[in-house]
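Presented below is the structure to which this report refers.
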Amino acid sequence: MPVRSTTTPVRRRRLPLALAAAALALPLTVGCGALDKALDCVQTADAIAGSVSDLQQAVSSVGDDPLKVEQALNDIDKEIDNLGDTTDNADLGKAVDNLGKGVDNVRTSVKNGDETPDLAPITDAASEIGKICTP
């Protein structure tokens, strides 16, 4: 007498179906992760733009309140840290590095008494970040 399998046809189909479902879900999960990173990039770029605007306003009155400049620079530094965690894009990395150098230069200029520090490197880098992060 032939030996019958104790596995029913339904059970034999469950594993391949489960594997197929998992295989289909994996790209969606990875895609969502990429979408989340892109969204984080856009939000952080927007926050950087706001911080750069605050910095421009603070620099216009640096003689009245130099602490506002320091706070705006600290805000940009914080956003740089957030942005570093959102992507591994080489162009973005370069723009973030340029932004960080610009922040350091302005910070040094203000500490040395410069009431009109050069913000061009900061605004240029922030603009580049905005371009890179915009889908």
Side-chain angles (χ1 to χ4, degrees):
M1 205 170 208
V3 178
R4 289 189 71 194
S5 170
T6 58
T7 309
T8 64
V10 172
R11 284 189 183 169
R12 278 184 269 164
R13 280 187 246 145
R14 282 187 189 164
L15 182 59
L17 287 175
L19 291 175
L24 289 173
L26 183 61
L28 294 176
T29 304
V30 172
C32 288
L35 183 61
D36 287 344
K37 282 189 170 194
L39 184 58
D40 288 344
C41 186
V42 170
Q43 290 172 338
T44 304
D46 187 48
I48 287 172
S51 295
V52 169
S53 177
D54 292 346
L55 175 63
Q56 290 170 325
Q57 291 174 5
V59 165
S60 70
S61 63
V62 72
D64 298 333
D65 191 358
L67 292 178
K68 282 186 180 180
V69 173
E70 187 65 28
Q71 182 58 50
L73 292 170
N74 290 341
D75 290 346
I76 294 171
D77 279 336
K78 180 179 147 195
E79 297 305 331
I80 288 172
D81 291 342
N82 290 341
L83 191 56
D85 296 337
T86 63
T87 187
D88 55 2
N89 179 303
D91 291 335
L92 182 58
K94 183 179 178 184
V96 167
D97 288 345
N98 290 340
L99 181 60
K101 289 175 189 172
V103 166
D104 292 342
N105 290 340
V106 168
R107 192 180 308 267
T108 300
S109 294
V110 170
K111 283 183 182 177
N112 291 335
D114 186 355
E115 292 189 10
T116 57
D118 182 13
L119 300 181
I122 291 176
T123 57
D124 291 348
S127 176
E128 185 64 21
I129 290 169
K131 288 177 191 173
I132 293 168
C133 288
T134 301

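The structure displayed is predicted, hence computed values, not measured ones.
If you take NZ on Lys68 and CG on Leu55, they are separated by 12.5 Å, rounding to the nearest 0.5 Å. For the atom pair Lys78 NZ and Thr44 OG1, the distance stands at 10.0 Å (nearest 0.5 Å). The distance from atom CG of Leu92 to atom CG of Asp97, rounded to the nearest 0.5 Å, is 9.5 Å.
Qualifying side-chain hydrogen bond (donor to acceptor under 3.5 Å, both in side chains) partners for Asp124, counting only residues two or more places apart in sequence or in other chains: none. For Asp46, there are no side chain to side chain contact (heavy atoms under 4.5 Å, CB included) partners at least two apart in sequence or on another chain. Applying the side chain to side chain contact (heavy atoms under 4.5 Å, CB included) test to Glu115 and every residue at least two apart in sequence or in another chain returns Val62.
Annotation for Ile129 and Ala45: closest pair CG2-CB, 3.8 Å, computed over non-hydrogen atoms. The two residues Glu79 and Ile48 make their nearest non-hydrogen contact at CB-CG1, 3.4 Å. Nearest heavy atom pair, residue Ile122 against residue Leu73, reads CD1-CD2, 4.4 Å. Smallest separation of non-hydrogen atoms from Ala72 and Asp54: CB-C, 4.2 Å.
Not a single donor-acceptor pair under 3.5 Å links the side chain of Ser53 to the backbone N or O of Ala49. For Asn112 (side chain) and Asp114 (main-chain N/O), no donor-acceptor pair under 3.5 Å exists by modelled atom type.
Every pair passing side-chain hydrogen bond (donor to acceptor under 3.5 Å, both in side chains) that includes a residue from residues 98-109 is listed here, sequence neighbours excluded: Glu70-Arg107, Asn74-Arg107, Asp77-Arg107. Screening residues 101-135 for disulfide bond (SG atoms under 2.5 Å apart), with sequence neighbours left out, gives Cys41-Cys133.
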